[in-house]
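In what follows, a single structure is set out as structure tokens and then discussed.
Throughout, a chain's letter reflects where its sequence line sits, starting with A, and its residues are numbered from 1.
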Protein chains: 2
Amino acid sequence: MKNYELVLNRVEADLAAGRLRLGGRLPGERSLAEQLGISRPSVREAVRVLEAMGVVRTATGSGPDAGAVIVAEPASPLTALLRLHLATNHLPMGDIVQTRVLLESWTAREAAQNQAGGEQLVVAEGLLDRMDEPGLTPEEFHLLDAEFHVALSALAGNVLIAAVMSSLRTAIHSYVLAAVPNLADWDATAVGLRAEHRSIVAAIRAGQGDEAAALITAHIEGFYRAAQLR
Amino acid sequence: MKNYELVLNRVEADLAAGRLRLGGRLPGERSLAEQLGISRPSVREAVRVLEAMGVVRTATGSGPDAGAVIVAEPASPLTALLRLHLATNHLPMGDIVQTRVLLESWTAREAAQNQAGGEQLVVAEGLLDRMDEPGLTPEEFHLLDAEFHVALSALAGNVLIAAVMSSLRTAIHSYVLAAVPNLADWDATAVGLRAEHRSIVAAIRAGQGDEAAALITAHIEGFYRAAQLR
DNA sequence: ACTATGCTGTGGTCCGACCACACAGTCCGC
DNA sequence: GCGGACTGTGTGGTCGGACCACAGCATAGT
């Protein structure tokens, strides 16, 4: 058992037992080191891991926001995880596309059938309005596109699926951008994507779950095919 | 930009550019520190994060297996991530169950329709045989059960979905075990679970995708309802 | 009453040292 | 010549101590 794992176990146990809760703070690194009988560097390694896992957020200085604050941010570590494993080339882009289709078609169907999260849908439409602005660069467009898809995924109210979707869309952003030159005509593509977005939202609003799922499936697969992302 | 992030960026860039590949080794910590003009503790924090992300595996000593070897283990960090966020109580068990149903019903349908991975199916059946042994403790049973569900998820050939499923099933193992006392009659429950497993495999083998998906959905939801896991 | 100043505690970084480990080459006894 | 013991070397693992930057707060001075 490595020393830094002592800290991880301790923190996980404290979280599970309610001794640590969201918004609370970890003991100081020096104090934690003394309590566990290990050195500060070992504690720091553990805190780094916790930070990389989205469990704590560290900040210098004093006051209530300083120190290692307990947060619950599963999306950013998931993104980093995907990015790294994408970089190793052992995570095929095709699998990611397939996963997106699965998750997004499910959330679209759920959202349409349950008609929950109406205000979220308004947020998504606001993003679509911003995407209508002329003169957007492909980068700006795809950042908004990512936000839109993440907003849709949140409609179903499943935090795990929403986090996974958010991470997927963010992790592949640079790959998507790099593939834009593969498109025959970016402007024409953008026009098509905008129209598809609107029809997806319309289907969800109309409660047509199967229709929304089919539209979003075609939307995603169509783009990846056109951009020749594999 | 914190110093340890320098290392992370460097490693990710090296991976993406092919300068580092699976099975290769990171430069030594001391060497890396000198190259980047930072201290060894900063390098170590980064290596810890990479290790926590399943990108490297560290070992002491010398020889080809020593040092920081590049690996691709997305499942174990995902498991840790889920466990930690489950511990914070900001990841509802219901969302996990819902995700399992979504992923597993999809993989079952895919596997049935494509009839791919026949040998994997044999492996899964071997697990079922071992689960038939009398006298298994609930812990042993559920470990085999976890392996079975992971083997099923691998049938569809999507490494991302397989990794997520594997992590889900592993992360909730302790929670499942803790809920066994909620069951009215463990032995009767086990008999039912075994029969459901067999019928799922049979449906996949027969190419009945919708049937397999429905069976596995009922299987998962039924157990969580019986165990009162929420 | 208000402002400025130092105090205190936080994480961020670094240095140098020592340990345990595992392999590889070498030395010594046979 | 051969084999086993042994030292050398490089790896990560751990430690203690030190200094820095930062942010809030108590206090002294105006």
Side-chain angles (χ1 to χ4, degrees), chain A residues 1-11 14-15 19-71 73 76-77 80, chain B residues 1-11 14-15 19-71 73 76-77 80:
Chain A
M1 171 83 70
K2 289 165 187 168
N3 276 350
Y4 82 101
E5 294 176 6
L6 292 175
V7 184
L8 296 184
N9 292 339
R10 151 80 179 263
V11 171
D14 282 356
L15 282 172
R19 288 186 294 272
L20 283 177
R21 58 192 66 203
L22 212 71
R25 289 172 35 178
L26 245 54
E29 295 178 354
R30 295 162 178 86
S31 155
L32 215 40
E34 194 182 0
Q35 288 177 35
L36 295 172
I38 59 181
S39 71
R40 193 175 158 215
S42 296
V43 172
R44 283 185 61 74
E45 290 177 12
V47 173
R48 277 281 181 266
V49 171
L50 290 173
E51 193 178 17
M53 296 271 208
V55 174
V56 305
R57 172 181 48 75
T58 62
T60 62
S62 81
D65 276 6
V69 181
I70 313 286
V71 298
E73 193 126 342
S76 50
Chain B
M1 171 84 69
K2 289 166 187 169
N3 276 352
Y4 82 100
E5 294 176 3
L6 293 175
V7 185
L8 296 183
N9 292 338
R10 151 82 178 262
V11 171
D14 282 354
L15 282 173
R19 287 186 296 271
L20 283 177
R21 59 192 65 202
L22 212 71
R25 288 171 38 177
L26 245 55
E29 297 177 353
R30 295 164 178 84
S31 157
L32 216 41
E34 193 182 0
Q35 287 177 37
L36 295 172
I38 59 181
S39 70
R40 196 177 154 213
S42 296
V43 172
R44 283 185 60 76
E45 289 177 12
V47 173
R48 277 279 180 267
V49 171
L50 289 173
E51 195 179 14
M53 296 271 208
V55 175
V56 305
R57 170 181 49 75
T58 62
T60 62
S62 80
D65 276 6
V69 181
I70 313 286
V71 298
E73 298 250 350
S76 51

Is A:Thr58 close enough to C:dG12 that one of its side-chain N or O atoms is under 4.0 Å from OP1 or OP2 there? yes

Round to a whole Å and report the spacing from CD of A:Glu51 to P of C:dG12. 7 Å

Rounded distance (Å) that lies between atom P of C:dT13 and atom CE of B:Met1: 11 Å

Where do A:Val71 and A:Leu22 come nearest, in terms of heavy atoms and distance? C-CD1, 3.5 Å

Atom CD of B:Glu34 to atom P of C:dT13: distance rounded to whole Å? 19 Å

Take A:Pro64 and A:Tyr4, find for each the nucleotide of DNA chain D with the closest heavy atom, and name the residue whose nucleotide sits nearer the 5' end. A:Tyr4

With side chains defined as the heavy atoms from C-beta onward, is the minimum distance between A:Leu36 and A:Val43 less than 4.5 Å? no

Residue A:Thr60, side-chain atoms from C-beta onward, closest of C:dT10, D:dC15, D:dG13: C:dT10

The residue, B:Ala59 or A:Asp65, whose nearest nucleotide of DNA chain D is more 5′ is B:Ala59

Given atom CG of A:Asn3 and atom P of D:dG16, what is their separation to the nearest angstrom? 10 Å

Please report, rounded to the nearest Å, how far the C1' atom of C:dT13 is from the CD atom of B:Glu29. 16 Å

Can you tell me if B:Arg21 has over 12 outside heavy atoms packed within less than 6.0 Å of its CZ? no

Residue A:Glu34 excluded, over 12 heavy atoms near CD under 6.0 Å: no

Nearest heavy atoms of A:Asp65 and A:Arg57, plus distance in Å: O-NH1, 3.9 Å

By nearest-nucleotide position on DNA chain C, the 5'-leaning member of B:Gly37 and A:Gly61 is A:Gly61

Atom-pair distance (NZ on A:Lys2; C1' on D:dT14), nearest Å: 12 Å

Mind checking salt bridge (charged side-chain N to carboxylate O under 4.0 Å, His left out) for A:Arg19 and listing every partner two or more places apart, or none if nothing turns up? A:Asp14

As a test of reading the structure: which of D:dA23, C:dG11, C:dC18 is closest to the side chain of B:Arg30, going by heavy atoms? C:dC18

For B:Ala46 and B:Leu8 the tightest heavy-atom approach is O-CD2, 3.7 Å

Nucleotide C:dG11, atom C1' - distance to CD of B:Glu5 in whole Å: 14 Å

B:Glu45 with B:Arg48: basic N within carboxylate O range, under 4.0 Å: no

Watson-Crick and G-U pairing of DNA chain D written in dot-bracket, each distance under 3.5 angstrom, with | for inter-strand partners: ||||||||||||||||||||||||||||||

Rounded to the nearest Å, what distance is computed from the CZ atom of residue B:Arg25 to the P atom of nucleotide C:dC23? 12 Å

Determine the minimum heavy-atom distance between B:Asn9 and B:Met1, stating which atoms define it. ND2-CE, 3.7 Å

So if I take residues 38-49 of chain B and measure heavy-atom distances to DNA chain D, which residues fall below 4.0 Å? B:Arg40, B:Arg44, B:Arg48

